[in-house]
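Only a predicted model underlies this, so the values are computations on that prediction, with no experimental measurement involved. Lettering of chains follows the sequences in order, A, B, ..., and the numbering in each one begins at 1.
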Protein chains: 2
Amino acid sequence: MTIADVARKAGVSRATVSRVLNGQDTVDPVLAGRVRQVSRRLGYHPSAIAQGLARGASHTVGVVVPDLANPFFPEVVKALTVAAGKDGFSVVVADSDEDPEAELRLIQDVSRRVDGLVLCSPRAGIADLRRVVRKGLPTVCTNRMVDPPLTASVMIDSGRGMQAVIRHLTELGHRRIAYLAGPSSSSSNADRLGALERSLPGAVVIPTGSKSQEGYASAAAAAEAGATAVICFNDLVAFGALARLRALGVAVPGEMSVVGFDDIPAADFVHPALTTVRLPKAELGRRSWEVLRDQLGDHGAGASVRLEPTLVVRESTGKAIGATEDAVAVGERAGG
Amino acid sequence: MTIADVARKAGVSRATVSRVLNGQDTVDPVLAGRVRQVSRRLGYHPSAIAQGLARGASHTVGVVVPDLANPFFPEVVKALTVAAGKDGFSVVVADSDEDPEAELRLIQDVSRRVDGLVLCSPRAGIADLRRVVRKGLPTVCTNRMVDPPLTASVMIDSGRGMQAVIRHLTELGHRRIAYLAGPSSSSSNADRLGALERSLPGAVVIPTGSKSQEGYASAAAAAEAGATAVICFNDLVAFGALARLRALGVAVPGEMSVVGFDDIPAADFVHPALTTVRLPKAELGRRSWEVLRDQLGDHGAGASVRLEPTLVVRESTGKAIGATEDAVAVGERAGG
DNA sequence: GTGAAAGCGCTAACAG
DNA sequence: CTGTTAGCGCTTTCAC
């Protein structure tokens, strides 16, 4: 079932069928009607592949993410597909499973079949990235500092988020704070770590990860370290920490404050409701598309946008134990 | 930068370049080496579009989901992309945003650019589905009864899951049970509802939805209806219900048992840990790919596989209040 | 207004 | 083993 079949049945040339189906108004209405009817009756649908070849553009963009099972990414991808869809673009997604090697392979792979690419929080090293990102393929990179910039970028200022958290916590009198750190390959994690060490050199950093399981495993160490507040790499980790602290009999926020990052929907429904840094996920997806689309059009260099996170205070943070007006003393407590 | 450029620089024909790059062993090692070197130096990457046209297959499959922000689907999509990736296939995903109209449009759209399609829990009516599913395009449909079957299918037996829940609850002495129902367009919801009404004709059904917000809103009604146990359409809804019950001062599981469906990762970390029906999400994705791949190959009709859910009992369910050995009485209680 | 013809970049017979 | 020759299905000048 090709355009030729329609042309033959309708008694016109393939060019005419093409014109009609692409909405050109330079065709005799009678013929146009006949073509439309025939093509409908035959159930004809043009091959996007062939169109892609002929037009030199596939109207498809790729997005590669580290882990689609992490609630952060589906929201970004969703907003991106919806936005791109409105402009007639499809989105192919690739999941690298947090593996930098796989990520590089996927980038190259996907690059061969798309008009543009968005790299979501890529985990690969900068040198590797520079190697595989095709010069000439419109690309936007999210949540990943690359200096000098090799692509357009859309960032969320994680450092600012961390600062807001620290301010919040210190205002509550917390002096001993632990950070359950995310994957070392995560650039956002590095940003947060940087901000943390700058504002609070004495913070205890506990390598953790990005899943609840890992938060569960690490939370005890935070308690043992005498922290009165624990900042988690993301909400999932915070959920795990919350569960572990409960198991340990440590009251939240009474004895320990907990804060997350992301603000996934469930954060508002756990108990205690999680204080967290809201990252504008949907906006990240939308803006990524816009920035990419701009490059697709005028072939320009591509913008660099920076989005702001906002601290959402709920129930999991509270006054430090033993905190006084001008608290200096650290509320030491035995772990678990 | 096309295959012709490489051919010219390497002093061979395009066919030879093609052969080398596709790993055919029928080429003089010397030429092959030269070709590989030139193509690397030039940074040449074949266009997947052109290959697709020439080969008559794009090595891309589509998957359309109702809502990527619902944690059920990313896990399915992830497993699917990983499985397909291993066989050299890319996956384009489309998110219909729970809108049947949009879904139909997306199906047609995506169909034009892929070798195969998986419809994940499609929300459109059967008649519409029948209209847009392209005869001849390998397709698998998940979680959607279509009779007579118009495609291969991979189902999770939701009814069985519901039965297991009811058995569990009645063994605990519950007699008055409420169901916070999911979207009416959801086939799984219909299955669960069917099983519920068959096993427990007196159950109270409260139209709810698929999000925590909605569960939060509906939970009070369940309490007011005098239920001692509430079954939720999914874990997200259950999280909402849990939050509302806590706000209402209703103890779980002391005064009210709560169960969900899906078993998303967070279910094990909320408090109380959620009793839920685990749906094999990753397996659903993997099997969907396998069934699709089989059709891609031998052009066969496509299998019909059925996956079993399993009840995971955690902390949110317990003995009905006032339940006796042979409980008959209903534990009536005032709503919050 | 409409058709003929020339590709888009690649693969796959088919000769040699 | 390697090159030549046809296309894959569509779009798009360029004449008519």
**Item:** B:Pro29 vs A:Ala50, nearer the 5' end of DNA chain D by closest nucleotide
**Value:** B:Pro29
**Asked** Roughly, in whole Å, what's the span from CD in B:Gln51 to C1' in C:dC8?
**Response** 14 Å
**Value in whole Å for how far the P atom of C:dT11 lies from CG of B:Leu21** = 8 Å
**Prompt:** For D:dG3, does OP1 or OP2 lie under 4.0 Å from any side-chain N or O of B:Ser13?
**Reply:** yes
**Asked** Out of B:Val91, B:Leu80, B:Val63, B:Thr81, which residue meets the side chain to side chain contact (heavy atoms under 4.5 Å, CB included) rule with B:Trp289?
**Response** B:Leu80
**Request:** Supply the atom-to-atom distance A:Thr2 OG1 to A:Tyr44 OH, rounded to the nearest 0.5 angstrom.
**Result:** 6.5 Å
**Item:** Whole-Å gap separating C1' (C:dG9) and NE2 (B:His45)
**Value:** 15 Å
**Prompt:** Counting side-chain heavy atoms from CB outward, which of C:dT11, D:dT2, D:dT4 is closest to B:Arg55?
**Reply:** C:dT11
**Request:** Any chance you could measure A:Asp87, atom CG, to A:His59, atom NE2, to the nearest 0.5 Å?
**Result:** 9.5 Å
**Message:** A:Lys9 and side chain to side chain contact (heavy atoms under 4.5 Å, CB included): which single residue from A:Val17, A:Val38, A:Val35 fits?
**Reply:** A:Val38
**Request:** Answer yes or no: is there an ion pair linking B:Asp262 with B:Lys281, defined by an N-O contact shorter than 4.0 Å?
**Result:** no
**Asked** Rounded to the nearest Å, what distance is computed from the CZ atom of residue A:Arg8 to the P atom of nucleotide D:dC10?
**Response** 12 Å
**Request:** Round to the nearest Å and state the distance from A:Ile49 atom CD1 to D:dT11 atom C1'.
**Result:** 16 Å
**Message:** Let's see if you can work this out: which of D:dG9, C:dC10, D:dT4 has an atom nearest to the side-chain heavy atoms of B:Leu53?
**Reply:** D:dG9
**Side-chain N,O (A:Thr16) to OP1/OP2 (C:dG3) below 4.0 Å** = yes
**Request:** Please tell me which of the listed nucleotides, C:dC10, C:dT2, D:dT4, lies nearest to the side chain of B:Thr2?
**Result:** C:dC10
**Message:** Return whichever of A:Ala4 or B:Asp25 has its heavy-atom-nearest nucleotide of DNA chain D closer to the 5' end.
**Reply:** B:Asp25
**Shortest side-chain distance from B:Arg19, nucleotide among C:dA13, D:dG9, C:dT11** = C:dA13
**Prompt:** Whole-Å distance between C:dT11 C1' and B:Ile3 CD1?
**Reply:** 8 Å
**Message:** Among C:dT11, D:dT2, D:dT11, which nucleotide has an atom closest to any side-chain atom of A:Ser18?
**Reply:** D:dT11
**Prompt:** Which of these nucleotides, C:dC8, C:dC10, D:dG3, is closest to any side-chain atom of A:Ala54?
**Reply:** C:dC8
**Prompt:** How long is the line joining CE of A:Met1 and P of D:dG9, in whole Å?
**Reply:** 11 Å
**Message:** If you only use heavy atoms from C-beta on, which nucleotide in C:dT11, D:dC10, C:dG9 is closest to the side chain of B:Asn22?
**Reply:** C:dT11
**Request:** Send over the distance from B:Asp28 CG to D:dC1 P, rounded to a whole Å.
**Result:** 8 Å
